2 protein chains.
Amino acid sequence: MEKQHNLSKNQKIIFDLIDKSHEPLKAYSILFNVQKKGINAPLQVYRALDKLVEIGKIHKIESRNAFIACQNSSCQISKATAFSICESCEKVSEINNSKLSKYLSNFVDETGMKYSKYNLEFFGLCKKCKSK
Amino acid sequence: MEKQHNLSKNQKIIFDLIDKSHEPLKAYSILFNVQKKGINAPLQVYRALDKLVEIGKIHKIESRNAFIACQNSSCQISKATAFSICESCEKVSEINNSKLSKYLSNFVDETGMKYSKYNLEFFGLCKKCKSK
DNA sequence: TAACACCATGTAATAATATAACATTTGTAA
DNA sequence: TTACAAATGTTATATTATTACATGGTGTTA
Ligand SMILES: [Zn+2]
Ligand SMILES: [Zn+2]
Ligand SMILES: [Zn+2]
Ligand SMILES: [Zn+2]
């Protein structure tokens, strides 16, 4: 069973914004959007983002410096993330594929190192963009 | 056969620095280190980095905003990169595992999207750090 | 040669992303 | 209620990256 995290005021404001968005949001775009709600400083945004990432409610798309809500309701895989990124329209989706996550979670490299976490970003053209 | 790229002056200076380094280098640390060689501005560094990434001589470690030289001499996999990152000492190694790269290069997601590129970053503790 | 394309360089300014430091407040549990 | 952890508020600053514009080489070709 997933641990309940009661979000604080700022965390909730920022999570709701990201969750409603259909695209990854950048920190300063979030800041701009929540200023009407009394969040005025970058640090307030980054602190909430850090916490939300930590508890797996959102993920950071590293190659884009942007954040999206986790698409896996149970969020068991917050330390094992995979994304599909369209290089044309910049659409990003979280990949939820159990074979892939098992394969990567069990991966052991040549040195015998076993990993506790991974992040995978795939790039290509989405259906829409490919058919153009 | 791999395409030959004759590096320009700035590209060579910056590649040599990264190649000699035993850890990923950040852009402004590179800048600091090459000022004695007449490279004075961030843009000169970023332009060289962009080109070196493009031709596969170096890779960007996205989660660290840092750059390392490609460890695969032939560099056929510059669009299919995987790294091992120690969260304690920050040691980074490029993973060269043909099974892994085949598995990921052939991965097709639920929507039928086929990818042309990926970047995978594994996190954990390296041998040294684990035995501490 | 001259015109052109192409790539690289040089320089200044600025944009975008992220953190440090410090004071205060709030939630929660002993 | 006391004590502690977590969250907030605020200012300033550090770090990472790009825009804009001018200049300089090198090879191609008209
Ligand atoms: Zn997720
Ligand atoms: Zn697309
Ligand atoms: Zn490589
Ligand atoms: Zn280590």
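Numbers restart at 1 for each chain; the letters A, B, ... are given by sequence-line order, proteins then strands. Everything numeric in this text was worked out from a predicted model, so none of it was measured.
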With respect to the phosphate group of D/dT8, does any side-chain polar atom (N or O) of A/Lys51 fall under 4.0 Å of OP1 or OP2?
no
Do we see a donor-acceptor contact under 3.5 Å between the side chains of A/Asn10 and A/Ser8?
no
Separation of atom CD in A/Gln44 from atom P in C/dC22, rounded to whole Å:
19 Å
Determine the minimum heavy-atom distance between A/Ile85 and A/Glu90, stating which atoms define it.
CG2-OE1, 4.3 Å
Give the nucleotide from the list D/dT8, D/dT10, D/dA20 with an atom nearest to the side chain of A/Ser8.
D/dT8
Expressed in angstrom and rounded to an integer, what is the separation of A/Lys12 atom NZ from D/dA7 atom C1'?
17 Å
Rounded to whole angstrom units, what separation is found between the CD1 atom of B/Ile39 and the P atom of C/dG10?
7 Å
If we ignore hydrogens and angles and just use 3.5 Å, is the side chain of B/Asn40 paired with the main-chain N or O of B/Gly38 as donor and acceptor?
yes
Here the distance between atom C1' of C/dA16 and atom CG of A/Leu31, to the nearest Å, is 12 Å
Nearest-Å distance, CD (A/Gln11) to P (D/dG9)?
12 Å
Less than 4.0 Å between a side-chain N and a carboxylate O, is that true for B/Lys117 and A/Glu121?
no
Using whole Å, report how far CG of A/Leu49 lies from P of D/dA7.
14 Å
Using a cut-off of less than 4.0 Å, is there contact between a side-chain N or O of A/Asn6 and OP1 or OP2 of C/dT28?
no
With under 30° as parallel and over 60° as perpendicular, where do the rings of B/Phe122 and A/Tyr115 fit, or are they tilted in between?
parallel
Decide, yes or no, whether a salt bridge links B/Lys12 with B/Asp16 under the criterion of side-chain N to carboxylate O below 4.0 Å.
yes
Could you state the CD1-C1' distance from A/Ile30 to C/dA16, rounded to the nearest angstrom?
14 Å
Have A/Asn96 and A/Gln71 got a donor and an acceptor in their side chains that come within less than 3.5 Å?
no
Once each nucleotide of nucleotides 12-19 of chain D is scored for protein heavy atoms under 4.0 Å, what B/S/- sequence comes out, 5' to 3'?
----BBBB
A/Leu7 CG - C/dG27 P separation (whole Å):
14 Å
